[in-house]
Amino acid sequence: MNILKNLLFQLDRRIIYVAIALAVTIPLVFHFAVPLNPSPIVQSLFDAIEALPPESKVILSFDYGPSTLPENDPMAFAFARHLLTRNHRIYMMALWATGERNLDYTIEQVIEKEFPGKVYGVDYVKLGYKAGDEGLINTLFKNFKGMYTTDGHGTNINDIPMMKEITTLEDFDMILNVGSGRPGTKEWIQYAGDRGNIPIGGAVTAVEALLLYPYYPRQLKGLLGGLQGAAEYETALISKYPQFGITGRQAQVYMGPQAVAHCVILLLVILGNVSYFVGKRRK
Amino acid sequence: MSSLLSPLILSTPDFQYFALDKINLFVILILLVTAILFFILKARQGKRLYIRKIAGLEAVEEAVGRATEMGKSVLFVPGSRDLDDLQTIAGLSILGSVAKMTAQYEARLDVPVNRSLVMAAGQETVKEAYLAVGRPDLYKPEIVHYITDEQFGYVAALEGIMVRERPAACFYMGAFLAESLILAETGNSIGAIQIAGTAMPVQLPFFVAACDYTLIGEELFAAAAYLSQDRRMIGSLKGQDVGKVVAMSAIVIGSLLATLVALTGSSFVDSLFRAFIRLFALNY
Amino acid sequence: MTMWDMIVLWIGGAMTLMIFSFLYKDNPFYKFAEHLFVGVSAAFWMVKAIQTTMIPNMWAAIWPKSVTAILHAAQHTEPNYVRLIPLGLGLLLLSRLIPRIAWLSRWAMAVLIGFTSGTYLVRYLQSDFIAQIRSTIIPLVVVTPQGLDVTQSLLNCILVFGVLCALMYFFFSLEHRGVVGGISHAGIWVLMVAFGASFGYTVMARISLLIGRIDYLGQWLQSFGNIL
Amino acid sequence: MKKRIPLIIIFCVGTLFVLAIFLPFPPFPAMEGEVSVWFDILKGFAFVLGGGNLIRVTADKIRKGHPDRFYLWVTLVGFFGMLGVGLLQLGGPIASGGDFTTEGLWFRRIYDGIFAPCMAAIFSTLAFFVSSAAYRAFRAKNREATVLLVAAFVILLGRTPLGNSLTAWLPDFLSFLKIPWLFEKILMYPNTAGQRAILIGIALGIISNSLRLILGVERSYLGGERS
């Protein structure tokens, strides 16, 4: 009885902290993944990529920094898996200086590990970071190789087979942006998508996603909002390509702790209200 | 010479002396500035203007008084951004009023900051406040002290100060980022009276949830005027209200016109609506 | 993983735990981490300021030839003497160190405050005042080819009247009684919905941060396993 | 004199930057960018004041025999250690742009080992604070608090798979009670309304505060209301 009373009326903040720590740790340790059914806005981006003919040219832009890795990395991974499975060509670049590290990480973790048969320069290329923010998009729109005279490793751009047919942004079949702010999806829409009628797909943090809903579906083929969006995209990918059933669940694994932690917080709110009303009646 | 001054001489035929595409901005600017100036001048002539009570500011003196009674200190945090954010300057203005109270009550004031420029401006502010109420003897330059520019290093130090010094009153006035909730929850755990004010919309919910009083957005900028009871400053608040009337009427008229367009489809109303909306066009 | 990576990871894991220990209560470990972090981070930003601002934007701009050894790009640039102004202002600021002329530092401060007020005034007039009014001008009644869209019309009304009521709450020179009081009270409700919603919405981002840290501690623990 | 000149400076500089936006010819359009750089340079100078203050206040406490002497020494060692490592560029040069990510740099090792983990750890304690704040603040104490509670509850619920399945059985004509629908609409309408009113208010507050500063009506940072 005493324990119950303590739980109700004098819930020490440290008990709350322990509950949250466990709610995050346990699902993480046991890889408790939450499969989510793709919402229409996610599914439509997946379908758009599916609909591209093989060997389409797709830009994957890494426009996020270290503080949003848990949200953004799984999105980039899922895009890379999907594009390479469909035999598209990936052109990887970054509008953010801090994005280049994430670009390398995707090559290292996904492309080199899971797609050892794919050839650099033929199936994918690292163009890297260039300064200029949205101004860079503007310049690329007119003259792509004027900005990227070499790839990210310093190789002359004309020596790279998959760059042969590229002169402007309009030569690409789709632009995918993984981002967490400005410049990001909105700038890609304004400076490239709207002007050249190039399909744009976005994958952004939850906070950013709220601002992008108005662009869907006219200017934006689809949108992955936060971890939830990423997890939904993984579900779509795995249900079509079951080979990713083990490796392709980064966001789903992160969604497990999220879902449990949210439930714990909801329970705490209910508990707080119960104790408040019981306490009031006693008085 | 420099790239900044060299193109001063221009001889192109379409040379513009005024950005005509920003004429709407100019008109609205003149309107608002005139309104604010009008009320500042009116207040200077000695007319006392009514200002509603702001609960958070009423509580400031009470909080300082309580700290004095308990023999504890008053902690003031002027935000975590530099002097190039107007919220920081507004926070420092409030610090001026709070410092006057701590000087009068002989309460201990502690102002840790995370920017060197804010430290310099804060020291100036507190010194003058102590001088103004005739207690320069109580002023020590260490009242305002620098910690580190790093946002979370600053937060770590503030948490330490809170649990070790146990201030009875905590003021958070200025521009805050993610640290808002860390500070407010730590302050709550030591049982301090907490009064916050910020114009960072994302952080407001956290202050509202965890502090005793919160100045919401515009109230932060009004606080210095309210606390100082300076007539001209209060006059400017009345000028701001004219701005609100402008905003509200614009929204009402514009939305009614838009509704009429939707209902009637009349091309006359439509052109009227388009003309009206151009007033609020953005030409960056 | 090199030996250095390992050492860095160990220290990092230990620092993380020391910081987390504060959640239980203040203790010597937290105190140690806190004080070390303050010292290190203060110096970090100082070094960054010298490297990213003072040398390239001031020194190299005024005397480009003197820094070609560390800044190759400076070789071909002409001196930009406008940057003598911030140098002068900076020296004025340092007058604070000499009490007799400390008041000179106010001149530098005045330039900064003037700049902040001037730029903020027009920036907020554009992006927050005018732009927000513009986006709130929407039709209260939405008609589609299928007829009246009741739901959308209602939602639009909530948006427009919500903004109006909440604005009423900010009125300073009217007593919040009677009609004004009623409207401003409705405004408080609107603000409360906004606060509740954005609080709830941010929780996910905050939990993500903790997931990231616990993952990091997992790597840290694994590194012990590798050693054993 | 000591107070008048700063006021004149603020007036001139402030007015200049207000008018600059309406003057489309050089140097005005580029002025804001240039002066922002000056601001950064001044921050650099100010580090001498801030760093000096940190050292002085810490050393003073040590000298006076503060009980936390040991920790104050830790601050000083950390400060001078990092400063020395950065300025002497131990382990290799730091690039002029401030990029210090080259392998083997001591500056980078201290950043990775101490700075970054501490920063991330403190940032992540927010997950705990957000929960304890929710427990205390979201209580139906009065009508306003109830509104806050309900909005937060729906949004939290909408972020879990639970929320979706909880209301999935509702018939179509009650679809406006479904959590995903409510989630989206609360965020897009009443939430936007509240945020917009706050933003318009802030803009007016800033306009008026800037004007008070430019006109010298508000001058507490320079000392006193009257000179």
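In what follows, chains carry the letters A, B, and so on, assigned in the order in which the sequence lines appear, proteins first and then strands, with residues in each chain numbered from 1. For the numbers below, each heavy atom of this structure counts, side chains included, while hydrogens, waters and symmetry mates do not.
Between chain D and the options T136(C), I188(C), V38(C), the largest number of non-hydrogen pairs under 4.5 Å is found for T136(C). Interface summary for chain D: among H185(C), M168(C), E34(C), the most heavy-atom pairs under 4.5 angstrom belong to H185(C). Per-residue heavy-atom pair counts under 4.5 Å with chain D were compared for K31(C), M18(C), M58(C), M204(C), and the maximum is reached by K31(C). The candidate with the highest count of non-hydrogen atom pairs below 4.5 Å against chain D, out of I19(C), I207(C), I11(C), is I19(C). Comparing T202(C), L121(C), V203(C), V111(C) by how many heavy-atom pairs each has under 4.5 Å with chain D, the most go to L121(C). The candidate from L211(D), I202(D), I122(D) with the greatest count of non-hydrogen atom pairs under 4.5 Å with chain C is I122(D). Between chain D and the residues F170(C), Y216(C), Y201(C), the most heavy-atom pairs under 4.5 angstrom are made by Y201(C).
With a 4.5 angstrom heavy-atom cutoff, I206(D) touches chain C only via side-chain atoms. Residue contact with chain C, scored on non-hydrogen atoms closer than 4.5 Å, is absent for N209(D). For chain C, no part of T58(D) is nearby; none of its heavy atoms comes within less than 4.5 Å. Residue contact with chain C, scored on non-hydrogen atoms closer than 4.5 Å, is absent for A20(D). Of the two parts of M54(C), only the side chain, counted from C-beta on, holds a non-hydrogen atom closer than 4.5 Å to a non-hydrogen atom of chain D. Only the side chain of F129(D) comes within less than 4.5 Å of a heavy atom in chain C; its backbone stays farther off. Looking at F176(D), neither its backbone nor its side chain comes within 4.5 Å of chain C, counting heavy atoms on both sides. At a 4.5 Å heavy-atom cutoff, the contact between A46(D) and chain C is made by backbone and side-chain atoms alike. For chain C, the nearby part of F138(D) is the side chain; its heavy atoms alone come within less than 4.5 Å. Contacts between L54(D) and chain C at a heavy-atom distance below 4.5 Å involve the side chain alone, from C-beta outward. For chain C, the nearby part of F183(D) is the side chain; its heavy atoms alone come within less than 4.5 Å. Using a 4.5 Å cut-off between heavy atoms, L187(D) contacts chain C through its side chain alone, with no backbone atom that close. Contacts of L42(D) with chain C are made by both backbone and side-chain atoms, with heavy-atom separations under 4.5 Å. When heavy atoms are compared at a cutoff of 4.5 Å, I198(D) approaches chain C by way of both its backbone and its side chain.
When side chains are defined from C-beta on, L87(C) does not count as touching I41(D), because their heavy atoms never get closer than 4.5 Å. By the 4.5 Å heavy-atom criterion applied to side chains, F128(D) and R206(C) are not counted as neighbours. You'll find the side chain of E32(D) reaches within 4.5 Å of the side chain of R123(C), heavy atoms only. Looking only at side-chain heavy atoms (C-beta outward), R196(D) and S135(C) come within less than 4.5 Å of each other. W38(D) has its side chain within reach of I85(C): a pair of non-hydrogen atoms, C-beta onward, lies under 4.5 Å apart. Within the 4.5 Å cutoff, the side chain of F39(D) has heavy atoms near those of the L112(C) side chain. With a 4.5 Å cut-off on side-chain heavy atoms, N191(D) and F195(C) do not count as touching. Looking at heavy atoms from C-beta onward, I200(D) lies in side-chain contact with I133(C) at the 4.5 angstrom threshold.
Heavy-atom minimum distance, A43(C) versus M82(D): CB-CB, 3.6 Å. Shortest non-hydrogen contact noted between W189(C) and E144(D) is NE1-OE2, 3.7 Å. Among all heavy-atom pairs drawn from A121(D) and F20(C), the shortest one is O-CE2, 3.6 Å. The minimum heavy-atom distance linking S210(D) with S117(C) is given by the pair OG-O, 3.2 Å. In plain terms, the two heavy atoms of C118(D) and M15(C) that are nearest each other are SG-CE, 3.5 Å. Closest non-hydrogen pair, I186(D) versus A197(C), comes out as CG2-CB, 4.0 Å.
The environment of F22(D) atom CZ is dense: over 12 non-hydrogen atoms of other residues, nucleotides or ligands sit within 6.0 angstrom. Other residues, nucleotides and ligands contribute more than 12 heavy atoms inside 6.0 Å of the CZ atom of F28(D). By the 6.0 Å contact criterion, CH2 on W181(D) is enclosed, its count of non-hydrogen atoms from other residues, nucleotides or ligands being greater than 12.
Ring pair F44(C)/F115(D) is tilted by interplanar angle, where 30° to 60° counts as tilted.
The cationic group of R109(D) lies under 6.0 Å from the six-membered ring centre of W4(C) and within 45° of the ring axis, placing it in a cation-pi geometry.
Of the possible polar contacts, none joining the S124(D) side chain to the L210(C) backbone as a donor-acceptor pair under 3.5 Å is found. Checked by atom type and distance alone, the side chain of T75(D) pairs as donor or acceptor with a backbone atom of H35(C) at under 3.5 Å.
Residues meeting the salt bridge (Lys or Arg N to Asp or Glu O under 4.0 Å) test with R96(C), sequence neighbours left out: E124(B). Listed by chain and number, the residues in a side chain to side chain donor-acceptor pair (under 3.5 Å) with E184(D) amount to none (sequence neighbours excluded).
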